[in-house]
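Here is the structure we will look at, set down as structure tokens.
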2 protein chains.
Amino acid sequence: MSTSGTPRRPTIMEVARLAGVSHQTVSRYLRSEGGLKESTRERVGAAVRELGYRPNLIARSMRTRRTGRLAVLLPGLGSFSPDRMLVGAIAAARAAGFAVEVQSVDGGSGARAERVLELADSGQVEGILSLAPVVHEGDRMPAGEVPVVVCAGYDDQMRGIGELADGSVVADLVAGLAAVGHRRFLHVSGSLRFASARGRKETFLRTVERLGLESHGVVDGDWSAESGRDAVRSLAEDSGVTAVIAANDVVAAGVVRGALERGWGVPDDLSVTGWDNNPVGAYLSPALTTVDVDRERLGRDAMERLVASVRGAEPALSDGPLNRIVWRESTGPVPPRSR
Amino acid sequence: MSTSGTPRRPTIMEVARLAGVSHQTVSRYLRSEGGLKESTRERVGAAVRELGYRPNLIARSMRTRRTGRLAVLLPGLGSFSPDRMLVGAIAAARAAGFAVEVQSVDGGSGARAERVLELADSGQVEGILSLAPVVHEGDRMPAGEVPVVVCAGYDDQMRGIGELADGSVVADLVAGLAAVGHRRFLHVSGSLRFASARGRKETFLRTVERLGLESHGVVDGDWSAESGRDAVRSLAEDSGVTAVIAANDVVAAGVVRGALERGWGVPDDLSVTGWDNNPVGAYLSPALTTVDVDRERLGRDAMERLVASVRGAEPALSDGPLNRIVWRESTGPVPPRSR
DNA sequence: CCACAAAAAGTGAACGTTCACTATTTCTCC
DNA sequence: GGAGAAATAGTGAACGTTCACTTTTTGTGG
């Protein structure tokens, strides 16, 4: 316990005095700018350590007009759960030397657009990453200064990462089922306000066409189990559908339930796939075939794009598989007599 | 598009000039400090609007030595998923006028303790909320200046909120099962580094004792399905256990699986309860009895404690039920012949 | 109408750093 | 060893706000 009231933190000036140099030299030392004689560097370093000096980042921000802070926007409500993505995004930001300010915005993509503008305008952050859709009305785009990256959003910016990667796996899913005889498919999509939902839907349709299969169509859902259950309920008895690609595991759980309620066996009469690898899905009966997504990497990649954009550089995106199909019991060969 | 390069933002000085007052008067206006003549207030307001002036919060921070920012620490890895809590915490912080900086820390509680110290020391945040355990080695507690609240942590600070509330529901769960005849219970806990896991365990033991029931003991798990499955596997044939309280839904799914594998019916031979209300749990067979937790409120309450602590006030915590038992198919009356 | 108090407004410095210069020291080469 | 260049170090101002005062204006009672 020190005896004085508040033990004011030492400043660059005090370090300079102790080291016997000018404050500017200390400043250079702190920015590790080079151009310091070895002996000087050591003296300053010793002074810094002796005083326990730590730079005042706010004062620095004030002078440099850079905050070293990026904002991440989270959807406030709803089933979309960005946890792992957030962790990945934060890790990437930290690795790049940025702090992350997180905001969560209730309401739809319009509300988020408002917040994006507000943030861009505040001068508090150097870039903005939104993990949910953002729609800008008319010309009210954010001022040119602050880059914005939207993940799972309307913007096309993520197309190179999320959508295509997503897509290829939907294609694999369909192809894998086709390989065991399935010909007629149904897709229950997620909320189409999400790029991920749109991407999966489009890829589904493209793949079915490309492989010469039949689509019984797409039911536009909302990521809920109920939407999956309803989709199966409203299927005609003679629809001929033998495989359902659900938007995620929760929807798939609803599809399975709906099928069982109609007396259809899964996978004996109907194969069902999910998405997300919800740990509980492995314990459904039948255990759910699903897609394990490296959400952390998804967030990391998005953040890397943002950082690159802030710095005016090219993003260095990671490679390797982002999604991995986990085949389990809810999928199987097509039934002998197609229903 | 303006013709100049960067359209520097207007400062308080320019507002003052336009309004024909001193910069100090503008400053007073901005802080809505009162003591301004109505006519003056209007003139300044008009100038602010005309210039589109927005205060430079960094400059303000520099002078006031307050950042208006709180930090939230997230566990980097592991099954613990703080998403809804984070959303709640952020909402509460925003309502109180604070921005939130989120950090995620890989590694154990020791690593988090390091980060807490680093943050407390940085002068960048006025308070720290950790959503995962933090253990301080020896005397290296954070400097007195910056309040720290640990949610789901070793600290006793949350006891009034999380643990007791949790506890009461475990008691209800056990009592509910006892009411339909169960006498001998097993608890599969979560990782005991989490206060929530410890709280549920303690309450389980206390309740069993209080109601004059029998505990077959507690298996210390790690929130994983495997730990639940193992717990059931290693149960003696004649253990007499008819009800298992699992730490969460994933563990419960493992317990159910383990029971079915041994040929025990759920709930005919064994009742199983989970925790978290994982949406997929409703579609397990049997559908999982679980506890629906208002995680958002959990986060909000924790943040409210932090804000109160920063301001030296008493926290205004919300009331109403935090947890709600959802009875489903995985629980039922005790089997006629107790195994 | 004046003395005095209270209210309103103004003045200059300070917060802790970096920027844009200038001054000094050190090195290199003939 | 000395001129010139390069490396190193120093000086003062500036970033945009609020703090701690001081000055001016307005209001009040005798």
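Here the structure is a predicted model, which is why all the values come from computation and not from measurement. Here is the naming used below: chain letters follow the sequence lines, and residue numbers restart at 1 for every chain.
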Name the atoms and distances for all side-chain donor-acceptor pairs under 3.5 Å in residues 53-65 of chain B, with sequence neighbours left out.
{"residue": "B:R54", "atom": "NH1", "partner": "A:D121", "partner atom": "OD2", "Å": "3.2"}
{"residue": "B:N56", "atom": "OD1", "partner": "B:I58", "partner atom": "N", "Å": "2.9"}
{"residue": "B:N56", "atom": "OD1", "partner": "B:A59", "partner atom": "N", "Å": "2.9"}
{"residue": "B:S61", "atom": "OG", "partner": "B:L57", "partner atom": "O", "Å": "3.2"}
{"residue": "B:S61", "atom": "OG", "partner": "B:R66", "partner atom": "O", "Å": "3.0"}
{"residue": "B:T64", "atom": "OG1", "partner": "B:R60", "partner atom": "O", "Å": "3.0"}
{"residue": "B:T64", "atom": "OG1", "partner": "B:R66", "partner atom": "N", "Å": "3.3"}

Mind checking whether B:V116 and B:V150 have side chains closer than 4.5 Å, heavy atoms only?
-> no
Assess whether side-chain hydrogen bond (donor to acceptor under 3.5 Å, both in side chains) is satisfied between A:Q124 and A:R69, documenting all intermediate values.
-> CA-CA 7 Å; A:Q124 289 277 76; A:R69 194 171 306 126; 4.5 Å; no
Report yes if a side-chain nitrogen or oxygen of B:Y53 is closer than 4.0 Å to either non-bridging phosphate oxygen (OP1 or OP2) of D:dT17; otherwise report no.
-> yes
Phosphate contact (D:dA9 OP1 or OP2) by A:T40 side-chain N/O below 4.0 Å = yes
Between D:dT18 and B:R65, is there an OP1 or OP2 to side-chain N/O distance shorter than 4.0 Å?
-> no
For D:dT11, does OP1 or OP2 lie under 4.0 Å from any side-chain N or O of A:S22?
-> no
Polar-atom pairs under 3.5 Å, protein N or O versus N or O of nucleotides 19-21 of chain C: list them with distances, or write none.
{"residue": "C:dC19", "atom": "OP2", "partner": "A:R31", "partner atom": "NH1", "Å": "2.7"}
{"residue": "C:dC19", "atom": "N4", "partner": "A:Q24", "partner atom": "NE2", "Å": "2.5"}
{"residue": "C:dA20", "atom": "N6", "partner": "A:Q24", "partner atom": "NE2", "Å": "2.7"}

Evaluate the side-chain proximity of A:E101 to A:L70: yes if any heavy-atom separation is below 4.5 Å, no if none is.
-> no
Worked verdict on B:S27 versus B:R31 for side-chain hydrogen bond (donor to acceptor under 3.5 Å, both in side chains) | CA-CA 6 Å; B:S27 177; B:R31 281 172 292 151; 2.9 Å; yes
For B:V307, which of B:R305, B:E304, B:R311 qualifies under side-chain contact (heavy atoms from CB on, under 4.5 Å)?
-> B:R311
Length of the CD-P vector between A:E38 and C:dT25, whole Å = 21 Å
Out of D:dG16, D:dT17, D:dG10, whichever nucleotide has its closest atom nearest the side chain of A:V21 = D:dG10
Remember a base hit wins even if backbone is also touched, and classify A:L36 as base, sugar-phosphate or nothing at under 4.0 Å, heavy atoms.
-> sugar-phosphate
Between A:L57 and B:G34, who's closer to the 5' end of DNA chain C by nearest nucleotide?
-> B:G34
